[in-house]
There are 2 protein chains.
Amino acid sequence: MKIEEKNSERFTTMVENIKKYGGCPVSATLKLIGGKWKPLILYFISVDVNRFGQLQRMMPDCSKRMMTVQLRELENDGLVHREVFAEVPPKVIYTLTEKGESLRPLFSMLSQWGIDNILKKKV
Amino acid sequence: MKIEEKNSERFTTMVENIKKYGGCPVSATLKLIGGKWKPLILYFISVDVNRFGQLQRMMPDCSKRMMTVQLRELENDGLVHREVFAEVPPKVIYTLTEKGESLRPLFSMLSQWGIDNILKKKV
DNA sequence: AATAATGGTTACTTTTTTTATACTATAAAA
DNA sequence: TTTTATAGTATAAAAAAAGTAACCATTATT
């Protein structure tokens, strides 16, 4: 009897999820929030650093192009809302959607895990 | 008064973490678990699908090379332990380290969020 | 008349990730 | 003696992600 069979009851949940939904739900989530600058962008928007230029000043290592690309992806994934004002010079305000807001507890766990398991070593 | 100043108290936590630890703790965590096949590999190891060939059979779309690369990264990051038995044919068993085990609640949240916010749409 | 401010876009290059294919060692079993 | 099993390596090619730099439109200010 193979281990694959022996333990089969133990991982039906995940395997069934994958079959049922056509992919791993964890990977799917990580795909949305895992972009190089996305956690930081979402975080800053969540504390009302919500304009393109403001975000850039907070993240000087993120190029204009990357900022645009990541913001557009976040928008397309429904995590961020982009509101354009018909003014000159242009004014655009980014806010979290409800879906974006719902990530808060997740981010808080990810952050704490990172502090406890990765970053603290460097102190 | 700029918004950056106005809201400064509101995001000192994250900004201070970044300064204190030299990076965003969320990004740091995502870097460890965000590899294309890592969630699935960690999951299968966690349910004792713990040999190279078994993992391959469970994830036929992950090439041998990718499997090796991801397993080595997980090992180097201290999430997975690799035990080699001096047998022929070779026998290697992968297990979660304590650090790897500590990811469980995180994965459970990531999975639920993905089911609720991404995958359910496809049903 | 030139400059600044905002929020980008476009084209091109470099870097990183992923894929594909072939190859390895050893002992046991057919 | 050829095949099977295990757990990988090595090398090159293709694809995806990220970086760089120049450009754009409009209005107000200098």
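Order of the sequence lines fixes the chain letters, A, B, ..., with proteins taken first and strands second; residue numbering starts at 1 for each chain.
Residues B:L71 and B:I41 approach most closely at CD2-CG2, 3.7 Å, considering heavy atoms. Nearest heavy atom pair, residue B:P39 against residue A:V26, reads CB-CG1, 3.7 Å. When all heavy atoms are compared, the tightest approach of B:L32 to B:L74 is O-CD2, 4.1 Å.
Across its full length, the helix from C:dA1-D:dT30 to C:dA30-D:dT1 shows an angle of 30° between the axes of its 5 terminal pairs at either end, rounded to 10 degrees.
Sequence neighbours left out, the pairs with a member in residues 35-47 of chain B that pass salt bridge (Lys or Arg N to Asp or Glu O under 4.0 Å) are B:K38-B:E73. For residues 104-113 of chain A, the side chain to side chain donor-acceptor pair (under 3.5 Å) pairs, not counting sequence neighbours, are A:E101-A:R104, A:Q112-A:D116, A:W113-B:S102.
Taking a heavy-atom distance under 4.0 Å as the criterion, the stretch of DNA chain D touched by chain B extends 5' to 3' from D:dA5 to D:dT11.
The same ILVMFWY cluster, assembled from side-chain heavy atoms under 4.5 Å apart, contains both A:I33 and A:M67. When the side chains of ILVMFWY residues are joined at heavy-atom separations under 4.5 Å, either directly or via intervening members, A:V69 and A:Y94 end up in two distinct hydrophobic clusters. Following chains of ILVMFWY side-chain contacts shorter than 4.5 Å, one can reach B:M66 starting from A:L30, so the two form part of one hydrophobic cluster.
When the shell of 6.0 Å around CD of A:E98 is examined, it contains 12 or fewer heavy atoms from other residues, nucleotides or ligands.
Contacts between residues 90-97 of chain A and DNA chain C, counted as heavy-atom distances below 4.0 Å, involve A:P90, A:K91, A:V92, A:Y94. For DNA chain C, no neighbouring residue in residues 26-35 of chain B is found when judged by any heavy atom under 4.0 Å.
Scanning for salt bridge (charged side-chain N to carboxylate O under 4.0 Å, His left out) contacts around B:E75 gives an empty result, with sequence neighbours left out. Applying the side chain to side chain donor-acceptor pair (under 3.5 Å) criterion to B:W37, with sequence neighbours excluded, gives no partner residue. Partners of A:K91 according to the side chain to side chain contact (heavy atoms under 4.5 Å, CB included) rule, which considers only residues two or more places apart in sequence or in another chain, are A:R51, A:F85, A:E87, A:I93. Judged as a side chain to side chain contact (heavy atoms under 4.5 Å, CB included), and not counting sequence neighbours, the contacts of A:M109 are B:P105, B:L106, B:M109. With sequence neighbours left out, the salt bridge (charged side-chain N to carboxylate O under 4.0 Å, His left out) criterion links B:R65 to no other residue.
Taking atom CE on B:M67 and atom C1' on C:dT21, their separation rounds to 18 Å, with Å as the unit. In this structure, CD of A:E87 is placed 16 Å from C1' of C:dG8, rounded to the nearest angstrom. In this structure, A:Q54 atom CD and C:dA5 atom P are separated by 15 Å, rounded to whole Å. In this structure, A:Q70 places its CD atom 17 Å from C1' of C:dG7, rounding to the nearest Å.
Nucleic acid contact for B:E73: none, since no nucleic acid atom lies under 4.0 Å from a heavy atom of the residue.
The main-chain N or O of A:F52 is never found under 3.5 Å from a side-chain atom of A:Q56 such that the two would form a donor-acceptor pair. In terms of modelled atom types and a separation under 3.5 Å, the side chain of B:T97 and the main chain of B:L79 share a donor-acceptor contact.
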Identify all pairs in which a protein N or O lies below 3.5 Å from an N or O of nucleotides 12-17 of chain C, and state each distance.
none

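Relative to the side chain of B:K36, the nucleotides C:dT26, C:dA5, C:dT18 differ in distance, and C:dT18 lies closest.
The 5' end of DNA chain D is approached more closely, in terms of each residue's nearest nucleotide, by B:F52 than by the other of A:D61 and B:F52.
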